[in-house]
Each structure stands twice: as structure tokens, then as C-alpha cells.
Amino acid sequence: MTEHADAPIDLELVRTYINDHVTGATAVSARVARMSRNPDAGADAPLLAELARQLREERDVHEATARDLGFTMSRWKHLGAALAERVARLKPDGRWTRRSPLSLVLELEILRSGLEGKRLGWVTLREHADALGLDADRLDALVERSREQADTVEAIAARARERAFAAAGERTSADDA
């Protein structure tokens, strides 16, 4: 155990915490990369592709942090996350034969929530940076980067909502069946 402000830090819990963030980053970066290749991303596709790259880079930061702390990562969690991401693609979105205009909107809402969780993960590590021997300035930069990513996703989501609901107004009753 490591000491932090007179409270012990359970390194096994830190290992689990980092492992869970690696798992999430792996699944989310794959999902965002796939979103960037969908035609409904339109002009925002390059922004989504860049976000996917950044998320992979941040996953690598987590993995390096784990190695620096002497932790091993669970392969099973990562495989489970990859499988869950693929299964999530099967969700019904009101249309069976083609992608719904709401699909991108819903994916961006989920992504926005995930980015907030990621930001809080960096905040948590930042709070324990001294005790764990982590670079506090790097963690501060990752917290700020997470805020910027969330702002970017919100801007993309605003455009996607406009397109999706404009298209929804033109649907026929046959589309809703």
C-alpha cells in the first residue's frame, strides 16, 4: 500500500481502476473509429477519426502507467469489452433495413457520457499522482484534453441532431412500421 494524505492506497484497487479504464478506452476508440467511417458522420468524419486516435493514445498512456506501476492488465476484460462493443451494434434503432438518422445522435450521446467518465478517471489519478509517482502536469493536460474532446463531441452532436430530426420529419408511416 502507498500513503496519500495519511490514507493508504490499495494498489490492487488502483490496478483494477486503470485496467477498467484501459478496457473502456479500447472499446470506445474502436466504436468512434467505426462512427467516423459511417456516411452519416458527413463532414465530421475527420473529427471523429482524430478523436479515435486520441482515445487510442490515451489508452496507451494508461497501459504505460500500469507498466510503470508494475501492474499486469486483464486480457479477459479487454476481450469482453471488444465483444460488448460488437454486440451493441445489433441494437434496434427503429429501422431494420438501413441505419436510422438517430443512430449517430444516440452514439454521440453515449460517447459524451463516456468522455466525462474518462475525464473523471484522469482527475482521480491526478488526486493520487504524488503518492503513485505519476506526472501531475501530464494528468492535468489529459483532464483538459478530455474537456476539449467533450466540447468537440457536443458540437458534432448538435449538427447530428439537426440532421436527424429534420430527416425524421420527412419519414413516411411505412418507415415507422
*Determine, using the 4.5 Å side-chain heavy-atom cutoff (strictly less than), whether Leu115 and Met35 are members of one ILVMFWY cluster.*
yes
*Are Leu104 and Asn38 side-chain neighbours, meaning at least one heavy-atom pair lies under 4.5 Å?*
no
*Apply salt bridge (charged side-chain N to carboxylate O under 4.0 Å, His left out) to Glu154 and Arg161, showing your working.*
CA-CA 10 Å; Glu154 181 50 39; Arg161 287 190 299 270; 2.9 Å; yes
*CZ-OG1 distance between Arg138 and Thr65, expressed to the nearest 0.5 angstrom*: 6.0 Å
*Search all heavy atoms of Trp122 against all heavy atoms of Ser146 and return the closest pair with its distance.*
CD1-OG, 3.4 Å
_salt bridge (charged side-chain N to carboxylate O under 4.0 Å, His left out), paired with Asp140, selected from Arg126, Arg147, Arg145_ = Arg126
*Within the distance-only criterion (no hydrogens, no angle test), does the side chain of Arg163 pair as donor or acceptor with the backbone N or O of Asp40 below 3.5 angstrom?*
yes
_Leu51 side, atom CG; Glu57 side, atom CD - distance, nearest 0.5 Å_ = 11.5 Å
*Going through the checks in order, is the side chain to side chain donor-acceptor pair (under 3.5 Å) test met by Gln54 and Glu50?*
CA-CA 6 Å; Gln54 290 176 3; Glu50 173 59 18; 3.1 Å; yes
*Roughly how far apart are Asp10 CG and Arg15 CZ, rounded to 0.5 Å?*
10.5 Å
*Can you tell me how far the CG atom of Asp44 sits from the CD1 atom of Ile156, to the nearest 0.5 Å?*
4.5 Å
*Report whether Leu134 and Leu120 are members of the same hydrophobic cluster (ILVMFWY, side-chain heavy atoms less than 4.5 Å apart, transitive linking).*
no
*Atom of Leu111, atom of Val28 and distance for their closest heavy-atom approach*: CD1-CG1, 3.7 Å
*May I ask you to decide whether Arg112 forms a salt bridge with Glu109, counting only side-chain N to carboxylate O separations under 4.0 Å?*
no
*Let me know which of Asp20, Ile18, Val14 forms a side chain to side chain contact (heavy atoms under 4.5 Å, CB included) with Thr16.*
Asp20
*To the nearest 0.5 Å, what is the distance between CD (Glu127) and CG (Leu139)?*
11.0 Å
*Which pair of non-hydrogen atoms, one from Gln149 and one from Lys118, has the smallest distance, and what is that distance?*
OE1-NZ, 2.6 Å
_Could you report the tightest heavy-atom contact between Ala45 and Ser36, atom names first, then the distance?_
CB-O, 3.2 Å
*Any side-chain heavy atom of Leu11 within less than 4.5 Å of one from Phe71?*
yes
_Sub-4.5 Å side-chain heavy-atom contact between Leu55 and Arg59_ = no
*How far apart are the closest heavy atoms of Ala160 and Leu108, and which atoms are they?*
CB-CD1, 3.8 Å
*asked:* With a sphere of 6.0 Å drawn around CZ of Arg159, does it hold more than 12 non-hydrogen atoms of other residues, nucleotides or ligands?
replied: yes
*Between Arg56 and Glu63, is there a salt bridge with N-O shorter than 4.0 Å?*
no
*If you look at every heavy atom in Ala131 and Ile9, which pair is closest and at what distance?*
CB-CD1, 3.5 Å
*Test His62 against every option in Leu125, Asn19, Thr23 by the side chain to side chain contact (heavy atoms under 4.5 Å, CB included) rule and name the one that passes.*
Leu125
